[in-house]
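Since the structure is predicted, the reported quantities are computational estimates derived from the model, not experimental observations. Just so you know, ligand 1 is whichever comes first in the structure, and atom 1 is the first atom listed for that ligand.
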Amino acid sequence: MASAVEVRDLWWRYSRDTDWVLRGVNLTVREGETVCIVGPTGAGKTTLLSCIQSLLPHSFPLGEMKGSVVVDGADTKSTRAAQLAGRVGMVFEDAESQFVFPSVEDDLAFGLENLNLDREEASERLRVIQEEFGIGELMGRTAAQLSGGQKQRVSIAGLVAVQPKVLLLDEPTSELDPIGKSEVMDLVRKIKTRLGITLVIVEQDLEDVIGLAERFLLLDSGKILLEGEPKDFFGNPEFLLEHGVYPPEVSLVFGPLVKEGLVPTVPLDVSEAKRLVRSR
Ligand SMILES: Nc1ncnc2c1ncn2[C@@H]1O[C@H](COP(=O)(O)OP(=O)(O)OP(=O)(O)O)[C@@H](O)[C@H]1O
Ligand SMILES: [Mg+2]
């Protein structure tokens with residue numbers, strides 16, 4: 001299958017006289033795949049997403065980049081930001097900062113403007129996402145009249161309307177209460193299953209992304225230290241803890257049992273744990 005994102009030996013620093021924040025990152029994301037990046041604070045996760053989104057190097061002339069990032073066939077270094085906007089979109093942790101216009105409706109319409117769609121096509125896309133994401137009743141509101149979860153839902157819907165190949169989500173639920181969190185994660189699941197968009201998610205709360213991501217990567221000090229499918233990735237929960245990542249509870253309980261040969265693998269959720277224990 002074609003790759004949606006190709007990161008090759010990527011190095012980045014925010015200024016020429018400071019340390020490299022990314023140190024030789026390689027990452028390939030296949031079309032339609034969901035990849036989750038985890039790592040301690042300051043590891044470079046947001047920086048990596050910003051490179052894929054092409055905010056870096058374009059919006060940061062003081063920095064230095066080595067290596068390459070190709071998104072949907074376009075090299076981010078040599079492609080104009082407006083052209084990339086149709087290929088890749090990013091949802092930030094801070095929902096508030098993502099709104100440019102007072103009303104939700106104007107904000108969503110603004111996102112489509114770069115694409116030079118005709119009026120009919122633009123309003124059709126807005127109609128479809130309102131329906132698909134159940135945000136019709138929010139259209140007349142201002143950002144201040146939305147809950148945190150609603151803000152994130154509107155941001156994600158607005159990016160999906162642009163129909164990008166790749167959607168980047170940087171801790172989209174970290175500022176939300178449990179209800180807001182589940183609202184947003186339900187939406188992300190919907191995007192994945194119904195629309196098949198390629199997703200790269202940075203998330204601390206791994207319980208939320210288990211079952212969603214096909215592959216996990218551990219980034220620490222600008223390097224990818226571990227990469228694999230969930231079964232392998234969480235098979236050694238102590239390694240993750242050593243690198244500031246809190247693995248799913250169930251993997252912490254079962255990790256030692258696997259080591260002692262009492263169960264064959266680390267389960268990733270409670271129902272799998274039950275099955276494993278019953279089959280003994
Ligand atoms: N605009 C900037 N200018 C200079 N240094 C920066 C800038 N943004 C981030 N950094 C530095 O780059 C490093 C990586 O930051 P980054 O935000 O990518 O980490 P992160 O893994 O996303 O952390 P967190 O989990 O806290 O969000 C940190 O040392 C940070 O201080
Ligand atoms: Mg970050």
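- Among the backbone and side-chain atoms of T41, none of the N, O or S atoms lies under 2.8 Å from the Mg ion (ligand 2).
- One finds a salt bridge joining R127 and E124 here, because a Lys/Arg side-chain nitrogen approaches an Asp/Glu carboxylate oxygen to under 4.0 Å.
- We find that K45 and E93 are not joined by a salt bridge, their nearest charged nitrogen and carboxylate oxygen being 4.0 Å or further apart.
- Using a cutoff of 4.0 Å between basic side-chain nitrogens and carboxylate oxygens, K181 and E207 are not scored as salt-bridged.
- Nearest approach of L218 to G39, heavy atoms of both residues: CD1-CA, 4.0 Å.
- At most 12 non-hydrogen atoms from other residues, nucleotides or ligands lie less than 6.0 angstrom from CD1 of I179.
- When heavy-atom distances to ligand 1 are checked against 4.0 Å, the residues falling inside are Y14, V21, P40, T41, G42, A43, G44, K45, T46, T47, F60, E171, Q204, ordered by chain and number.
- With respect to the salt-bridge test (charged N to carboxylate O, under 4.0 angstrom), the residues R194 and E132 qualify.
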